[in-house]
Amino acid sequence: MTHRSFHPTPKTLMGPGPSDVHPRVLAALAQPTIGHLDPQFVSLMDDIKALLRYAFQTSNQLTLPLSAPGSAGMEAAFANLLEPGDKVIVCVNGVFGMRMSENVRRMGGEPVVVEDQWGKPVDPEKLADALAAHPDAKIVSFVHAETSTGVCSDVAQLCRLAKAAGCLTIVDAVTAVGGVELRVDDWQADVVYAGTQKCLSCPPGISLITFSDAAAARVKARKLPVQSWFLDVSLLMAYWEGEGARTYHHTAPVNAMYSLHEALLMLHEEGLENAWQRHHSMHELLVRGLSGLGINFVVDARHRLPQLNVVSVPDGVDEAAVRRSLLEDYNLEIGAGLGVFAGKVWRIGLMGYAARRENVQLCVSALGSCL
Ligand SMILES: *Cc1c(COP(=O)(O)O)cnc(C)c1O
């Protein structure tokens with residue numbers, strides 16, 4: 001076998017992530033690698049933290065990127081807040097909620113699972129009932145934007161209920177950030193984590209996380225050290241925050257941080273509200289185009305995520321063959337269904353740089369030809 005350089009065919013990425021990466025972000029990635037404790041890199045780290053606070057709409061001191069994908073953000077949230085034996089109410093309405101309960105279990109916590117049907121948002125009444133039935137619960141966790149079902153849950157209301165019952169909240173905003181309204185401080189969410197490859201349109205591999213003062217105090221008051229050395233935020237902050245001298249913890253993926261910085265900068269330049277509005281308008285354009293093809297949405301209009309459109313595969317259509325044809329004939333990627341939705345739906349992402357008029361038009365016309 002001869003070995004050659006790898007040159008992927010450029011594709012239009014309209015699945016559940018990764019999404020299309022902006023040329024500016026790709027160019028940022030290709031800049032010279034510098035030392036991870038170089039003063040220039042340290043000042044880049046400071047700027048990334050400030051831009052992250054903007055993206056999350058928070059003034060939380062403890063706000064930083066983690067050198068690992070969205071799943072590491074989830075793991076870090078539970079690893080830092082949870083101590084063995086802690087009861088956690090986990091609201092599950094799709095794949096990522098299920099993963100949260102698995103995290104709780106593996107870390108020696110006791111998950112109380114509150115389930116909602118796939119395609120429905122987390123029901124605040126069910127959470128209220130669970131909080132009343134489990135007054136000893138310490139944490140409530142749920143997913144803001146459930147990528148497996150295309151559903152948006154009401155973060156403000158769920159956090160209000162949890163707070164009133166004395167619980168801290170863990171919110172998965174991996175697909176939410178940059179795509180739909182998210183206000184960490186106003187909504188009083190405690191630990192919120194996100195990813196880079198969904199609506200920030202940055203390559204995968206980094207997660208973003210923020211801790212409220214109450215959550216940071218809980219970490220500080222732990223009886224046992226955080227079970228994960230790599231994800232222990234108190235160690236990470238000595239690297240990301242340390243005044244003057246930063247303590248080596250791990251080597252940050254330097255070039256990946258350039259790309260994160262550029263993506264966050266672009267979001268800042270556009271303005272969060274404008275980015276949310278753009279996702280919404282492109283979603284409406286897609287709804288019009290797909291309804292012309294007789295394709296229906298699975299989720300109620302009130303709870304739909306504009307950035308992740310879950311639609312029913314029309315009767316008699318081979319869903320995998322259509323996806324294959326889109327990829328081979330149009331270089332267009334859309335997503336398949338997961339879990340109970342496998343084989344029944346397509347997931348069409350309009351995330352970040354992919355939320356553009358020309359992408360919507362390509363998707364609608366290519367799907368039209370395949371059907
Ligand atoms: C993609 C995603 C994750 C996991 O992120 P990875 O970068 O794939 O590890 C977690 N939660 C939600 C809601 C996601 O969409």
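As the structure is a prediction and not an experimental result, all values here were calculated from the model. As the structure lists them, so they are numbered: ligands from 1, and atoms in each ligand from 1.
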Mind jotting down which residue pairs meet the salt bridge (charged side-chain N to carboxylate O under 4.0 Å, His left out) criterion with at least one end in residues 329-352? Sequence neighbours excluded, please. none
Residue pairs meeting side-chain hydrogen bond (donor to acceptor under 3.5 Å, both in side chains), one or both in residues 308-317, sequence neighbours left out, come to H283-N309
Review item, side-chain donor-acceptor pairs of residues 204-211, under 3.5 Å, at least two apart:
| from | atom 1 | to | atom 2 | distance (Å) |
| --- | --- | --- | --- | --- |
| S207 | OG | A68 | O | 3.0 |
| S207 | OG | P69 | O | 3.4 |
| S207 | OG | G73 | N | 3.4 |
| T210 | OG1 | N60 | ND2 | 3.0 |
| T210 | OG1 | T63 | OG1 | 2.8 |

So, do H268 and Y54 have ring centers that fall under 6.0 Å from each other? yes
Using a strict threshold of under 4.0 Å (side-chain N to carboxylate O), is an ion pair present between R288 and E284? no
Under a 4.0 Å heavy-atom cut-off, what residues line ligand 1? P69, G70, S71, F96, V143, A145, T147, D172, V174, T175, Q197, K198
Kindly say whether L231 contributes a backbone atom to a donor-acceptor pair with the side chain of N80 at under 3.5 angstrom? yes
